[in-house]
Structure formats: structure tokens, C-alpha cells
Q: 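This is the structure, below, for whatever I ask next.
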2 protein chains.
Amino acid sequence: MGGVLDKAGITEAALRLIEKKGYDGLTMAALARSLNVAPSALYNHVKSKRDVLLLVEDHLASLVDVSAFGAGPWEDAVRTWAWSYRDVFSQHTPLIPVIAVLPVTDAPQTLAMYETVSAGFRDAGFPEERIVSSIVALESFIFGSAYDVTAPADIFDPGTMAEATPSFTGAVRSLAEQGHERPADVAFSLGLEALISGLGGLRG
Amino acid sequence: MGGVLDKAGITEAALRLIEKKGYDGLTMAALARSLNVAPSALYNHVKSKRDVLLLVEDHLASLVDVSAFGAGPWEDAVRTWAWSYRDVFSQHTPLIPVIAVLPVTDAPQTLAMYETVSAGFRDAGFPEERIVSSIVALESFIFGSAYDVTAPADIFDPGTMAEATPSFTGAVRSLAEQGHERPADVAFSLGLEALISGLGGLRG
DNA sequence: CCACTAAATGAATGCCATTCATTTATAAGA
DNA sequence: TCTTATAAATGAATGGCATTCATTTAGTGG
């Protein structure tokens, strides 16, 4: 037995490749080349490219910081988790469509994250039947916000349509004048605090 | 001049094709065939396939219901807009990565939507410099939630890992016992109401 | 030493977006 | 009516991609 390849090695190589060349550079051929192997050899270890993305996703889930659950107030734990979750996946937005439809059975690290977060919600007094929905709501916000981080700075520039859209143009200009370094962070903070206080009210 | 093709026709054909075959079926070849034209002919009217997706996106933006802005309380208007926005794009999740990075200049209908929504926020008493961030926060939540709608029903089934994840497994089971028809709607409602009441507090 | 099996190979397949030199057709100007 | 400019459509290439498969290689247990 004992070939050169295994799932851990493939995951590691894929992450290196993504870091160096981005998701466009992550092809089965390039992945194989980085492992000094023929592309077809990969298929002895993964069923498809989607499988590779799944391995990467699950590894990233293990990087999300859930350490604050059980180590302080629920609000602080959610805040730490959410910011960390967003930061990790803002560098990996092409995975978001994959995660969103991914059965957790296939992703043990992701499942482990859910377990820690669920326990944190339960201990904070959430009724059991609302825990999953609350996490899903937060996660949806986090995924959507991860895209914002990568958006171009001038995404909201109305260009030639400025006169036709006075309210929007004024709002964009007014935000720009605040001179925030990362506008995406302002929106994320605003939404996250709203969700934390709104969902926090569900606790018994 | 006057060929068979124009942007409106391409958009319409693309939408028909997506409805019938899904986004996997939307290829330049298939699009051309549905218009009785050679694939290369499309490139006289659009620069790339991404352009086609952009045309589709902008058309969908015109389907989002913004009519409640200026016709009732801000909370109700946001609710109507958000549900409609999510419903439209839940059928078109492959566009979400495109929208998220799309400069609004290139999408007049999308820009028109932002104008109406911005005016609604301003009239409701939002400070101008918080309007864009608030809309972005809501939009992030909406995009993330659009994915949930299409997720398989058993996405949270922990499978063989059930014993290792008691809190999460209990929470999933407890939600399932509620027997909601569309679990995604519960999470969306929960998050949206939290955002509405949290963001609403910014009004002067 | 043999037989089994996991793993790697390299050549093919089929699909895809995109390009380009060329042709067709239409509208405007003389 | 003839000419010319131009927009639009064509068909044949190109290069990249994931994936398949028959075949070979190389270890391991009996």
C-alpha cells in the first residue's frame, strides 16, 4: 500500500495552493503537480473536486475561534465566534456556496464547532427548539458579510447615475466622509450587535 | 444593422433557460442555441458570460418588492422588502457571488432599488452616515439566508456522530419536533426581526 | 515466492468559454 | 441605383478543465 498521497496531504497542498494562487489556481492538475503526482492519482483518494473543497472547508472550520463559549458571557462568546468565523471565510468566499448545502455529517470539524456553539447557547438559557434557528440566522449573516470584505472599495459609486439617485448618493458620500478604514467592518458590527441583542431576548 | 440579438433578448432567453435547466444548463452554447444563433454571435453583444449573469441579476433586482417604502411604517417596509429580496434570489443563488462584488454603476435596476430603500431609511429618521451600513447588514443577512432555502432538509443530521454531539443533536431534534414546514423561514424571521429592532434603534 | 491489492500512470473524452478571420446583410450617402 | 461603411453572424480553432479507464507499478501478507 502506502502511496504518496492521503487526505491530510491533499488538504494541506490545496490550502497552500489557494494561498498562493487563489481559487482560480486550484485545479486538479495544479493540485496534482504540487504533489508531484498525476491528476488522476487524486481520484484514488477523493471522489471529485467538490470533495477537495469539502476537505478544505472542514479544516477551516477548525480555525474558527469558539474558545469564548463557556468562558464568559454569551454576548462576548458570540461576538468572538462571529468575527473569527467571518474573518476566516472572507478569505475563502468560493467555499460559501459549498458550505451552505453541505450535510454536516461529512464535515467533522464543522460539526464540532456546532456542538460547542450549541452548548454555549443552551447554557446561556436558550430554549432548545430555538438554538438551531438562531445559529442559522447568525451564520447566514456571517456568510453574507464575508463577501462584503472582498468587495471593491468603489462598489457603491453610482457613477453617472448620481443625479438620479440622490438619497443613495448622499448616503454613500456621507459614509465615505466618515473615513472608516474598512466599511465592511462597520456594517458587520452594526448587524452583529443587532442580532446579538435581538436573539439574546429569546433566553428564558 | 438590426441583427436578431440584443441585450433584452439575451436576458429573456437566459432567464428562460435558467428556469428550465438551472444554472448548470446556462452555457453560452445553450443560450445561443435557444436564440437560433452561433455561440460566437453572443460576443457581439456581451463581453463575457459574466456579463450575461449581470444582465440577469439586474433584471431580478427589478422584481424585488420595494413598494412598501413610503407607504407605511419603516418596519413593515423593511420586512416586505427583505422577504421579497430573499425569495427572488433563493431561486438564483449562483448569482450571489456575482452581486456581492458588482459595482452598482453597471446595474441600473439594482441601483434604483437602493435609491428607494435609502430614501425609505432617510425618511424614517436614519442618520445619513448609517444608512448604507444598515442596508449592507440587511443585505448580507438576506444573501446568506437565500442559500438556506435551497439547503437539503437533512443538512443538520449529525449521522453517526450523534453521540459525540449531544447539545447540537438535541437542538436539531427539538427543532424538527416543532414540525415547521420550512425551517429556513423560521431562522429568517428570527434574524430579520432582530435586525429590524436593533437597526431601528439607530433612528434619530 | 506468489497473489492480492492499493495506488499511480498517461492517454483519452467531453464540455466549456472565448477568439478570430471571414462572410453576410443592412443602412446611409453619392 | 450603385457604393461603401459598419454591425452582426458564422464556423473553425484554442486552451483549459474535471473526470474516466485500461494498464502498470510496487508494496504486503500468506
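Each chain gets a letter, A, B and so on, in the order the sequences are listed, and its residues count up from 1.
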Q: Nearest whole Å is fine: how far is C/dA8 P from A/Arg33 CZ?
A: 17 Å
Q: Check the pair B/Glu177 / B/Arg173 against salt bridge (Lys or Arg N to Asp or Glu O under 4.0 Å), numbers first and verdict last.
A: CA-CA 6 Å; B/Glu177 280 164 5; B/Arg173 188 163 300 150; 5.6 Å; no
Q: Any donor-acceptor pair under 3.5 Å linking the side-chain atoms of B/Ser167 with those of A/Arg122?
A: yes
Q: Verify whether one side chain among A/Thr105 and B/Asp157 offers a donor that lies under 3.5 Å from an acceptor in the other.
A: no
Q: Output the rounded distance in Å from CG (B/Leu35) to C1' (D/dA9).
A: 13 Å
Q: Hydrogens and angles aside, do A/Asp65 and A/Thr80 bring a side-chain donor and acceptor to less than 3.5 Å of each other?
A: no
Q: May I ask you to verify if any side-chain N or O of B/His45 is less than 4.0 angstrom from the OP1 or OP2 atom of D/dA7?
A: no
Q: Is any NZ, NE, NH1 or NH2 atom of the basic residue among A/Arg16 and A/Glu12 found under 4.0 Å from an Asp or Glu carboxylate oxygen of the other?
A: yes
Q: Grab the NZ-C1' distance between A/Lys49 and C/dC16 for me, whole Å please.
A: 14 Å
Q: Just say parallel, tilted or perpendicular for the rings of B/Tyr114 and A/Phe168, cut-offs at 30° and 60°.
A: parallel
Q: Between N or O atoms, less than 3.5 Å apart, protein on one side and nucleotides 13-15 of chain D on the other: list the pairs.
A:
none

Q: Which word best sums up how the rings of B/His92 and B/Phe89 line up, parallel for under 30°, tilted for 30 to 60°, or perpendicular for over 60°?
A: perpendicular
Q: A/Asp24 CG to C/dT18 P: how many Å, rounded?
A: 12 Å
Q: Rounded to the Å, how far apart are A/Met28 CE and D/dC17 P?
A: 12 Å
Q: For B/Arg50 and C/dT18, what is the distance between atoms CZ and C1' respectively, to the nearest whole Å?
A: 16 Å
Q: Output the rounded distance in Å from CG (B/Leu31) to P (C/dC15).
A: 18 Å
Q: Go through the steps for A/Trp74 and A/Phe126 under the test ring pair (Phe, Tyr, Trp, His ring centres under 6.0 Å), then give the verdict.
A: CA-CA 10 Å; A/Trp74 174 83; A/Phe126 271 80; 5.1 Å; yes
Q: Per the side-chain contact (heavy atoms from CB on, under 4.5 Å) rule, which among B/Leu138, B/Val132, B/Ile131 passes with B/Ile135?
A: B/Ile131
Q: Along nucleotides 9-14 of chain C, 5' to 3', which nucleotides get a B, which get an S, and which get a -, given that the test is a protein heavy-atom distance under 4.0 Å?
A: BB----
Q: What is the distance from CG of A/Leu53 to C1' of D/dC17, rounded to the nearest Å?
A: 14 Å
